[in-house]
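Below: the structure, in structure tokens.
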Amino acid sequence: MRTSQLLAPTLREEPAEAEVISHRLMLRAGMIRKTTSGVYTYLPLAQRVLFKIATIIREEMNRAGGQEVALPIIQPAELWQESGRWAVYGDELFRLQDRHDRDFCLGPTHEEIITDLVRGEVHSYKQLPQLLYQIQNKYRDERRPRFGLMRAREFIMKDLYSFDRDAAGLETSYRKMYEAYTRVFQRCGLKFRAVEADPGAIGGNASHEFMVLAGSGEAVIVYCNECGYAANVEKAEARPELSQEDLEPCDLELVSTPGVRTVEDGTAFFGITPKEIIKTLFYEAEYETGRELVAVVIRGDRSINEVKLLNRLGCLRVEMASEARIKEATGANPGFVGPIGLQGIRILADAEIPLMVQGVVGANQDNYHYRGVNPGRDFPLDDVADLRIVEAGEPCPKCGHPLAESYGIEVGHIFKLGTKYSSAMNAYYLDDKGQKQLMVMGCYGIGVSRTMAAAIEQNYDANGIKWPVAIAPFQVIVVPVSYQDDQQRQVAEMLYEQLLNLGVEVILDDRLERAGVKFKDADLIGYPYRITIGPKALKEGQVEISCRFTDQCSHVKVEEAAEWVANQIHQQLHS
RNA sequence: CGGGGCGUAGCUCAGUUUGGCUAGAGCGCUUGCUUGGGGUGCAAGAGGCCGGGUGUUCAAGUCACCUCGCUCCGACCA
């Protein structure tokens, strides 16, 4: 390829629409253009990167026994009604109707479609397991698309679905996928971590997320450098911390506390630390059958993990209760509410609460608090669970070593689905005794377009992108300082040919631009290697080879340059 | 879904407050010269339903109403 022909309209100025670094750089590097909110056109450079990521994924899926299929993007409502998700999925499902007013959706994922296929075509235990995957566009009508490709409405996903005879088979498939994913992201050249995750709405009982580590990541993960424990904070477990082990229970006391609304106010007023305050939060829990107001008590310095709360309650949704609702239930304004004397309201306590002996709570009466509150004595502790968000520095739940924290971008997610879909959609097989059995499923996704964005979030500098070799749009760019100079041009053309013959993905900058322009573009686009052919080194019979990643520059003899670069690339790809 | 902001040249933006001649700048693009190792310099050009609609007015990029699109914030700690 020659840059004179390449459709990569680089921008000197910052596009106004871009917010995150990957979005900005992809626009500036001429990789993508926005077509409409949350929908992007991929230009040749982006397409090459996506193709490379997809190729790595394909190779690893195939290696693990996966078979590629292509599934419809337009999916009939009937299948979604059968699984129950037509009603549950909500506004994120892109819905449409045909000319006969029949309902369809654009697939955000393909459990229904694949289960429908397999139940129709697979009937015997001899055909199991099946590992089927597809790499295609998927659709989610995000309430607010943002961060460029990171949260788009149209995006590219690889999804693999496993169908096994039983839980043991699923375990095997799951482990295969875990290993395959590890290989995929290693081969992409990304720094990542696999973490325990909450299975969330997809269902099932175990799951891991693969997080590309980047400061801009939306997800917070905690991990232990000692034993390797790693989890999304939504899931991370916590050891309850003793905070008042030296104190004895004392009498309950009603205290006038005018204007003391927040934990901060409370610590100042009582001269105590947030650890000694018991926060009471009211949630509206939504079940299929109705709503319930619950009170959740937690230490003043902790935060509630709503995912844990939702799982504990077994409800569909939780939401902070409105001020009006709280007042109606307690008679007091938020800030003066507490667990003592609540009538007919379920009280959930975080696991740290029973360890407290003298707490401060609101008295359910404006401008009054109780102190000396003894959980269990002064309010019931019938429902105790781990409900808080783990923070960095807390002891690892496995080994006790302090946990570290970092930000990650979720690029892969693997789930054990179990029989959720097979039972809803009647996907049976006959076992070796002729008995009907439910297939046991797993699903395993990788955000392909998101991985491209995540790679940039992790690898860039002030000048532009720094592609890992394995997913770079081209591995090398050959830049003659002046293409008009006969000698430079001849050397450039020769190296270009040699690299092509060596199987290197090379692009030649044959534009009649000034050197500075060519260097800027090369840095912005982020080619891993640049061979610069200029009069200075050429006098010595040399060219300069610089590495975008390490910023190192080597002078190499013209006749050895192609081989030299090819070796570097080979090493990068196989290290 | 709630609240803000913005739609003017391919891009980034002035101009709108206080209506008034042929609507501007920089970058990019074309042509010529120049330059030739980190976005050269000079000159000449091309390029606009001022998002769309309705209205007010002698007159609308500018005011009013409607509409479409884009974008940011929020939708959690008592």
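By convention in this document, chain letters (A, B, ...) are assigned in the order of the sequence lines, proteins followed by strands, and residues within each chain are numbered from 1. None of these values were measured; they are calculated from a predicted model.
Across all strands, A:Glu19 comes closer than 4.0 Å only to sugar-phosphate atoms, never to a base (heavy-atom distances). Residue contacts for A:Thr280: at a heavy-atom cut-off of 4.0 Å it reaches a base atom on one of the strands shown. Among the heavy atoms of the strands lying under 4.0 Å from A:Arg28 is at least one base atom, whether or not backbone atoms are also near. No engagement by A:Pro9 is indicated, since no non-hydrogen atom pair under 4.0 Å with the nucleic acid exists. Residue A:Val337 is classed as having no contact, given no heavy-atom separation below 4.0 Å to the nucleic acid. Note on A:Ile326: a base of the nucleic acid sits closer than 4.0 angstrom, heavy atoms only. Within the nucleic acid shown, A:Asp521 comes within 4.0 Å of at least one base atom, counting heavy atoms only. If you check every strand for non-hydrogen atoms under 4.0 Å, A:Lys518 touches nothing. Across all strands, A:Arg299 comes closer than 4.0 Å to no nucleic acid atom at all (heavy-atom distances). Nucleic acid contact for A:Glu544: base, since at least one base atom lies under 4.0 Å from a heavy atom of the residue. Nucleic acid contact class of A:Asp91 (heavy atoms, under 4.0 Å, all strands): none.
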Produce the list of close N/O pairs, under 3.5 Å, pairing protein atoms with atoms of nucleotides 7-13 of chain B; give distances to one decimal.
| residue | atom | partner | partner atom | Å |
| --- | --- | --- | --- | --- |
| B:U12 | OP1 | A:Ala16 | N | 3.1 |
| B:U12 | O4' | A:Glu13 | OE1 | 3.3 |

Identify the pairs formed between an N or O of the protein and an N or O of nucleotides 43-45 of chain B at a distance under 3.5 Å, and give each distance.
none

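Between the C1' atoms of B:U57 and B:C11, the separation comes to 36 Å (whole Å). Comparing B:G5 with B:A14, their P atoms are spaced 15 Å from each other, to the whole Å. Comparing the same atom, C1', in B:C50 and in B:G69 gives a spacing of 16 Å after rounding to whole Å. A gap of 15 Å separates the P atoms of B:C66 and B:G2, to the nearest Å. For the P atom pair drawn from B:A75 and B:G38, the interatomic distance equals 49 Å after rounding to whole Å. To the nearest whole angstrom, the two P atoms, one in B:U18 and one in B:A23, are 24 Å apart. Rounded to whole Å, the separation between the C1' atoms of B:U8 and B:G26 comes to 15 Å. Comparing B:A25 with B:A43, their P atoms sit 14 Å apart, to the nearest whole Å.
Between the side chain of A:Arg530 and the base of B:G38, a donor-acceptor pair under 3.5 Å is found. The base of B:G38 sits within donor-acceptor range of the side chain of A:Asp523, with an N or O pair under 3.5 Å. Side-chain atoms of A:Glu513 and base atoms of B:G39 include no donor and acceptor less than 3.5 Å apart.
When both pairing distances are held under 3.5 Å, B:U17 makes no Watson-Crick or G-U pair with any nucleotide shown. Nucleotide B:A43 has B:U31 as its partner under the Watson-Crick or G-U criteria, with both atom distances under 3.5 Å.
A cation-pi arrangement is absent between A:Arg371 and A:Phe270 under the rule of less than 6.0 angstrom and at most 45 degrees off the ring axis. A cation-pi contact, defined as under 6.0 Å to the ring centre and within 45° of the axis, links A:Arg48 to A:Phe474. The side-chain tip of A:Arg95 does not point at the ring of A:Trp80 from less than 6.0 angstrom away and within 45° of straight on.
The listed nucleotides are B:G38, B:C77, B:C70; the one nearest the side chain of A:Phe519 is B:G38.
Using a 4.0 Å cut-off between charged nitrogen and carboxylate oxygen, A:Lys308 and A:Asp386 count as a salt-bridge pair.
Contact annotation: A:Arg514 side-chain N/O to B:G37 OP1/OP2 distance is not under 4.0 Å.
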